Amino acid sequence: MEATTSSLICAIGSETTSLQDNEIRNQLKILLDQLGPKEDVLLLPPDFTRFNSQSGKITEMITDYYGYTKANASDSSNSSVPTVTILPTLGTHAPMTQEQIKIMYGNELALKDPSPFVVHDWRNDIETIGHVPSEMVSEATHGMVNKPWPAQLNKLVWEKRNKKKTVVFSIGQVVPHEVMGMANFNKNMFVGAGGLESINLSHFIGAVYGMENMMGRAENPLRSILNYASEHFLGELELWYILTVIGSNSEGKLEMKGLFIGNDIECYTRACELSLKVNFTMLEKSPKKMVVYLDEHEFHSTWLGNKAIYRTRMAIADDGELIILGPGVKKFGEDGEVDLLIRKYGYIGTPSIMKAMEENEDLKESLGTVAHLIHGSSEGRFSITFCPGHLTREEIESVGFKYAPLSEMTAKYDISKLNDGWHQDAVSGEEFYFIKNPALGLWAVPSRFEGLSKTSAESASKKQKT
């Protein structure tokens with residue numbers, strides 16, 4: 001569908017910016033005013049695992065603009081209020097609970113009857129809308145996979161194409177990401193609202209290409225595959241991206257540093273440039289010990305919690321130790337079938353997992369799990385000690401991690417007294433580096449992060465705490 005207005009509506013923010021609600025609302029109003037009246041509005045925000053993205057707030061603001069959450073919105077005679085549907089882009093994650101919806105999107109939307117929220121079923125509610133050439137997949141996987149990549153979308157999204165007075169908003173945070181290099185943009189469409197085949201193959205492509213070659217890089221072979229799919233298959237949708245960049249201020253409080261709104265790759269590129277300045281920390285030396293905390297409301301599985309491994313692996317020293325404090329972790333996979341596969345094979349390193357994949361049909365049919373197991377291994381370079389709130393020693397050790405009691409480790413590392421950065425153990429004098437939320441950034445040392453632009457490297461270096 002032809003764009004109704006210019007491609008880049010908003011590109012504001014900096015490392016020191018703190019965008020307030022009135023400014024965010026004003027920027028959204030500029031877009032919505034230019035789009036004109038709508039009869040059908042589909043919003044694609046992230047799930048609770050991206051609570052800090054402020055996408056919930058943006059979703060509320062958009063529905064407020066259309067009058068959907070006002071008292072008269074239930075009046076069928078009020079024809080100016082559009083139909084509103086909210087499809088959290090779960091990807092493979094578990095559906096949001098009612099409590100999570102209430103916390104993230106507010107009481108009015110959570111209690112709306114009938115509910116605007118629809119659960120994304122990545123195994124069943126899917127339409128394959130096209131294929132990316134096998135040559136691109138082969139190049140990205142070094143010849144390991146030579147078949148087209150299926151571009152898949154939730155059927156509800158695809159039904160919105162070529163419809164008058166219908167608009168789709170894809171909302172989310174741009175931040176370094178282990179599979180895509182940088183999160184969001186068309187990842188929110190083809191992975192967040194994607195299907196079994198597209199998600200599995202995209203994760204596998206990212207793993208084969210190499211996580212260290214992906215993270216923090218807006219341009220990479222997997223992103224090129226998704227960009228091809230966007231350019232060739234999404235043109236019939238009136239689709240707008242609303243992207244945020246989130247960072248901490250000097251007091252450690254999270255705030256919106258940037259807001260980018262557009263209908264093509266420019267808004268994403270601009271958001272990536274700011275995210276690398278805000279969310280990337282280059283350390284002068286590799287910590288021998290890193291301690292990472294997983295918020296109990298956000299991380300309930302190792303599938304999610306292993307961001308503690310992904311985002312720190314380019315920083316931690318050889319033979320170092322990564323300690324993960326996970327009070328809310330109670331399972332391995334977000335999906336029951338995936339959970340069983342993780343328990344069966346464990347985080348045993350790339351060579352062993354690839355061999356297991358060659359020999360076992362269940363792994364061949366779940367390439368996303370193969371990718372996850374590769375990503376979750378230190379490849380023997382450093383040790384991983386997991387301290388879960390709801391998994392036993394036997395369960396943790398059975399998948400290849402070391403175990404330590406959560407109560408013992410939280411007594412030693414009191415998160416209420418720790419800020420992100422370097423610390424020294426008061427008893428032993430041992431130095432360690434602490435991270436309060438690994439989902440908000442990427443940490444590395446120069447020797448393990450090649451190809452970073454000089455500007456971004458300088459910005460990252462300024463953020464280090466010594």
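Computed from a predicted structure; not experimentally measured. Quick note: numbers below take in every heavy atom, side chains included, and nothing from hydrogens, waters or symmetry partners.
Tyr310 and His177 are not linked by any side-chain donor-acceptor pair at a separation below 3.5 angstrom, with hydrogens and angles left out of the test. Side-chain N/O atoms of Asn306 and Thr302 include no donor and acceptor closer than 3.5 Å. Donor-acceptor pairing under 3.5 Å is lacking for the side chains of Glu15 and Thr17. Side-chain contact of Glu255 with Ser248: a donor-acceptor pair under 3.5 Å is absent, judged by distance alone. Asp295 and Asn437 form no side-chain donor-acceptor contact under 3.5 Å, judged by distance and modelled atom types alone. Under 3.5 Å, the side chains of Ser301 and Glu334 contain a donor-acceptor pair of N or O atoms.
Taking 4.5 Å as the limit, some side-chain heavy atom of Leu283 sits within range of a side-chain heavy atom of Tyr433. The side-chain heavy atoms of Ile101 and Leu109, taken from C-beta on, include no pair separated by under 4.5 Å. In this structure, Gln54 and Ile246 have side chains that are in contact, with non-hydrogen atoms separated by less than 4.5 Å.
No donor-acceptor pair closer than 3.5 Å links the side chain of His93 to the backbone N or O of Thr89. Remark: the backbone N or O of Ile199 is paired with a side-chain donor or acceptor of His203 at under 3.5 angstrom. Although no hydrogens or angles enter the test, the distance criterion places a donor-acceptor pair under 3.5 Å between the side chain of Asn200 and the main chain of Gly368. Distance alone, capped at 3.5 Å, is enough to place a donor-acceptor pair between the Thr410 side chain and the Leu406 backbone. Within the 3.5 Å criterion, the main-chain N or O of Phe382 finds a donor-acceptor partner in the side chain of Ser378. Glu431 places no side-chain N or O within donor-acceptor distance of the main-chain N or O of Gln424, the cut-off being under 3.5 Å. Using a distance-only test at 3.5 Å, with no hydrogens or angles considered, a donor-acceptor pair links the side chain of Ser115 to the main chain of Phe117. Side chain of Glu23 to main chain of Gln20: no donor-acceptor pair is present (N/O by atom type, distance under 3.5 Å, no hydrogens or angles). With hydrogens and angles disregarded, a donor-acceptor distance shorter than 3.5 Å links the side chain of Arg311 to the backbone of Ala439.
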Going through the distances and angles, do Lys412 and Glu408 end up as a salt bridge (Lys or Arg N to Asp or Glu O under 4.0 Å)? CA-CA 7 Å; Lys412 183 175 183 179; Glu408 177 184 314; over 6 Å; no
Quick one: do Asp339 and Lys331 satisfy salt bridge (Lys or Arg N to Asp or Glu O under 4.0 Å)? Show the steps, please. CA-CA 7 Å; Asp339 185 85; Lys331 55 187 178 180; over 6 Å; no
Could you walk me through whether His297 and Phe51 satisfy the ring-ring contact (aromatic ring centres under 6.0 Å, His included) test, starting with their C-alpha distance in whole Å, then the side-chain angles of each, then the deciding distance to 0.1 Å, before giving a yes or no? CA-CA 10 Å; His297 301 294; Phe51 172 78; 9.5 Å; no
Criterion salt bridge (Lys or Arg N to Asp or Glu O under 4.0 Å) on Lys364 and Glu361, from CA distance to verdict: CA-CA 5 Å; Lys364 288 180 183 178; Glu361 288 299 320; 3.4 Å; yes
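Remark: Tyr268 engages Phe185 in a ring-ring contact (aromatic ring centres under 6.0 Å, His included) (not counting sequence neighbours). Under the salt bridge (Lys or Arg N to Asp or Glu O under 4.0 Å) criterion, Asp425 pairs with no residue, sequence neighbours left out. Considering only residues two or more places apart in sequence or on other chains, Glu337 meets the side-chain contact (heavy atoms from CB on, under 4.5 Å) condition with Arg123, Asp335.
By the 4.0 Å N-to-carboxylate-O rule, Lys289 lies close enough to Glu321 to be salt-bridged with it. Arg313 has no carboxylate O lying under 4.0 Å from a charged side-chain N of Glu178, or vice versa, which leaves the two without a salt bridge. Ion pair Lys155/Asp125 not flagged as a salt bridge, since none of the NZ, NE, NH1 or NH2 atoms sits closer than 4.0 Å to an Asp/Glu carboxylate oxygen.
With Tyr68 as the aromatic partner, Lys112 meets the cation-pi criteria of under 6.0 angstrom to the ring centre and within 45 degrees of the ring axis.
Of the candidates Leu322, Leu325, Leu391, Leu294, Leu294 is the only one forming a side chain to side chain contact (heavy atoms under 4.5 Å, CB included) with Phe386. Checked options Asp64, Ile62, Ile58; the residue passing with Arg25 is Asp64 (criterion: side chain to side chain contact (heavy atoms under 4.5 Å, CB included)).
Between Tyr347 and His375, the ring centre distance reaches or exceeds 6.0 Å. Ring-centre distance between Phe432 and Tyr413: below the 6.0 Å cut-off.
In this structure, Lys288 places its NZ atom where more than 12 heavy-atom neighbours from other residues, nucleotides or ligands lie under 6.0 Å away. Glu251 CD: 12 or fewer foreign heavy atoms inside a 6.0 Å radius. Within 6.0 Å of CD on Glu219 lie no more than 12 heavy atoms contributed by other residues, nucleotides or ligands. Enclosure of atom NZ in Lys29 is not indicated, since only 12 or fewer non-hydrogen atoms of other residues, nucleotides or ligands lie within 6.0 angstrom.
Rounding to the nearest 0.5 angstrom, the gap separating the CG atom in Leu90 from the CG atom in Asn154 is 9.5 Å. With rounding to the nearest 0.5 angstrom, the SG atom of Cys10 is 4.5 Å from the CD1 atom of Ile261. Between atom CE of residue Met314 and atom CE of residue Met282 there is a gap of 8.5 Å, rounded to the nearest 0.5 Å. One finds the CD1 atom of Ile342 at 6.0 Å from the CH2 atom of Trp303 (value rounded to the nearest 0.5 Å). Considering CE of Met96 and OH of Tyr105, their distance stands at 5.0 Å, rounded to 0.5 Å. Rounding to the nearest 0.5 Å places CD1 of Ile316 at 9.0 Å from CZ of Arg448.
Classification of the His423-Phe434 ring pair by plane angle, with boundaries at 30° and 60°, yields perpendicular.
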